[in-house]
Amino acid sequence: MYGETLYAAFCELKRAADPNDVFNPAKVVPDSEGRLAGVEDGLRFDGYDPDALETALDFDDEDGIGSLIEQCNGCSKCRTTDSGVMCPSYRAEETEVTSTRGRANALRAAIDGRLDEDAITSDWFTEEVLDRCLACKACETECPTGVDMAKLKTELKHQKHQQDGVPLRSRVFANVRTLNRLGSALAPISNRLASIGSGRDILERIVGIDRRRELPAFASESFLEWFDGHVPHSTAGERGRVVLFPDCYMAYNHPEVGRAAVRVLEGCGYAVSVPDVSCCGRPALSQGMIDHAREDAADNAETLAGYTQTDVPVLSGEPSCVSALREYDDILENAAGVPNAATSVSAFLLEEVGDDLVELVSTGGTDHVAVHTHCHSTAKGFDRAPVALLERAGYDVDIVDATCCGMAGAFGYESEHYDLSRSLGENLNMKIDALEPDIVATTGASCSQQLADLDRETIHPLVLLAEVIE
């Protein structure tokens with residue numbers, strides 16, 4: 001960081017002020033022989049000899065999984081509670097092991113053999129260290145050294161499954177697209193069945209899905225069915241062509257988000273294609289089912305290659321899908337350019353249309369809107385895009401200063417995590433109340449479900465935009 005000249009000055013000052021190493025005697029500088037470390041010296045403490053781990057994910061960019069674990073420098077940024085989003089589990093429980101730093105230290109001790117043999121795949125390590133991580137990805141960007149605990153959790157859950165097998169609940173969550181498709185095909189009967197108390201009791205006992213959670217409602221007409229009969233806007237294609245990735249919830253639970261995305265994109269001059277895709281892979285990755293996610297990713301890479309090869313952007317209204325598509329290089333040898341092509345609908349519109357959006361607004365929005373953005377959009381850097389678009393459309397917008405909503409995909413449905421999830425949701429709801437908005441907008445399906453369980457109505461920013469675009 002400082003270079004040889006400044007570092008040499010630090011060493012000289014240290015020796016002049018503390019020749020006997022009285023201060024901070026446990027620090028790695030100076031070393032055990034009283035020698036101050038050189039700029040190129042390694043700074044590992046004596047006896048540290050971590051095991052090399054074979055991984056299913058690609059950790060080449062991090063110089064291996066061990067290097068990623070070791071990136072934590074103990075600065076405690078993950079223990080802040082007044083700004084940013086990291087670390088939601090620590091904010092809820094305020095124990096060291098629920099912070100990114102605590103987990104990184106535990107992982108470092110595990111790979112160094114200072115814990116029980118095979119600790120890293122033990123039940124207690126999984127439950128006490130890994131499972132309460134919401135995989136919100138805030139540490140990916142807010143941690144000064146970029147410790148991506150969500151990626152580590154995915155890999156280590158995979159290794160646990162390799163040893164013990166994949167639990168039923170993980171299989172259920174990983175196949176959410178199939179379940180949502182069936183639920184939509186059987187709606188409204190499926191919605192009535194999902195609301196029956198006895199059925200939810202069975203789900204809790206057998207699968208571990210908390211009975212206090214409402215299950216997402218299924219749409220009787222899926223977005224895909226609507227799009228098949230859709231007549232494009234007269235301006236569609238004037239600016240070019242895009243692909244809209246129909247995520248699991250847009251396709252079968254919230255088709256209004258897909259319809260709004262198509263209306264806004266076509267109104268802005270883009271021809272929209274909606275291909276037949278598999279799940280983005282995020283649900284499987286969140287369960288540590290890397291092989292399952294790789295199959296989904298390979299199918300999608302093959303489907304989308306025809307678009308990406310001609311530089312057609314791949315857009316999604318669901319931030320967790322965007323983040324999954326951008327991470328295909330971690331699980332595929334040939335991701336067909338999908339990671340570079342993938343972005344959110346809002347980020348694309350802000351970059352490509354920008355201020356021109358004002359000319360397309362028929363009647364500007366006048367409501368006061370509080371926007372809660374999905375954690376993955378914050379981690380990937382496109383969280384401000386929906387806010388900027390709504391402001392251009394005339395809305396008075398406030399960003400909710402809160403951490404993760406606490407739902408985090410499957411996390412909030414799991415019985416053992418319900419209380420933690422609920423406390424984070426209540427904190428979010430309280431911060432929304434303080435803003436006194438007319439409308440609450442959320443960019444993620446999980447966020448909207450969490451707030452719905454707290455009797456808070458929400459709307460997707462794209463739906464608000466569609467209401468004012470000609």
Side-chain angles (χ1 to χ4, degrees), residues 80-94 134-138 142 210 212-217 249 253-254 256-257 260 317-320 344-346 364-379 382-409 411-413 417-468:
T80 55
T81 57
D82 56 348
S83 62
V85 268
M86 187 171 68
C87 173
S89 55
Y90 176 78
R91 294 184 185 211
E93 299 195 350
E94 296 191 351
L134 283 79
C136 69
K137 289 191 165 289
E142 287 195 14
D210 199 282
R212 292 167 288 184
R213 282 292 182 194
E214 295 286 340
L215 297 177
Y249 293 101
N253 304 93
H254 303 292
E256 72 280 2
V257 176
E318 175 59 44
S320 60
S344 72
V345 175
S346 295
T366 58
D367 293 303
H368 175 209
V369 183
V371 178
H372 172 69
T373 56
H374 193 287
C375 300
H376 286 201
S377 65
T378 303
F382 54 88
D383 55 317
R384 301 289 164 154
V387 175
L389 291 178
L390 290 175
E391 288 175 339
R392 282 165 170 75
Y395 291 99
D396 174 24
V397 185
D398 276 320
I399 300 176
V400 184
D401 182 19
T403 184
C404 176
C405 73
M407 199 64 174
F411 184 91
Y413 288 100
H417 298 141
Y418 176 82
D419 291 336
L420 189 159
S421 172
R422 181 82 178 193
S423 68
L424 288 167
E426 289 171 348
N427 178 66
L428 169 61
N429 208 24
M430 178 183 66
K431 292 192 173 184
I432 293 172
D433 280 336
L435 296 174
E436 299 182 347
D438 302 314
I439 297 171
V440 178
T442 56
T443 56
S446 289
C447 312
S448 64
Q449 188 64 47
Q450 173 77 295
L451 290 170
D453 282 357
L454 294 167
D455 298 320
R456 170 81 68 177
E457 289 187 9
T458 62
I459 191 169
H460 197 285
L462 290 174
V463 176
L464 288 176
L465 283 175
E467 291 178 355
V468 297

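Bear in mind that the values here come from a model prediction, so they are computed numbers and not experimental data. The first residue in the sequence is number 1, and the count goes up from there.
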So H372 and V440, side chain to side chain contact (heavy atoms under 4.5 Å, CB included) or not? Walk me through it. CA-CA 8 Å; H372 172 69; V440 178; 5.6 Å; no
Would you mind reporting whether [Y] and [X] have side-chain heavy atoms less than 4.5 Å apart?
| X | Y | value |
| --- | --- | --- |
| V257 | E318 | no |
| M86 | T80 | no |
| F382 | T373 | no |
| Q450 | E426 | no |
| M407 | L451 | no |
| D419 | R212 | yes |
| H368 | D398 | yes |

What is the distance from atom CG of L389 to atom CZ of R384, rounded to the nearest 0.5 Å?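 So the CG of L389 and the CZ of R384 are separated by 13.5 Å.
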Go through it in stages, so that I can follow the logic: the residues are L424 and L134, the test is side chain to side chain contact (heavy atoms under 4.5 Å, CB included), and I'd like the CA-CA distance, side-chain angles, deciding distance and then a yes or no. CA-CA 11 Å; L424 288 167; L134 283 79; 3.8 Å; yes
Heavy-atom closest pair, residues [X] and [Y]:
| X | Y | result |
| --- | --- | --- |
| F411 | G406 | CD2-O, 3.8 Å |
| Y90 | T81 | CE2-CG2, 4.2 Å |
| I459 | E467 | CD1-OE2, 4.1 Å |
| L428 | C405 | CD2-CB, 3.6 Å |
| A445 | H254 | CB-CD2, 4.4 Å |
| C375 | C136 | CB-O, 3.2 Å |

Please check this pair: side chain of K431 against backbone of D401, looking for a donor-acceptor N/O pair closer than 3.5 Å.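 Yes, K431 side chain to D401 backbone: donor-acceptor pair under 3.5 Å.
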Give a yes or no on whether a salt bridge exists between R456 and D433, defined as a side-chain N under 4.0 angstrom from a carboxylate O.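 Looking at D433 together with R456, the answer is yes, because their closest N to O distance falls below 4.0 Å.
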Please test H417 against D210 for side chain to side chain contact (heavy atoms under 4.5 Å, CB included), starting from the C-alpha separation and ending with a verdict. CA-CA 9 Å; H417 298 141; D210 199 282; over 6 Å; no
Sole residue of T443, L464, L462 in side-chain contact (heavy atoms from CB on, under 4.5 Å) with P386: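 Of all the options given, the one that passes is T443.
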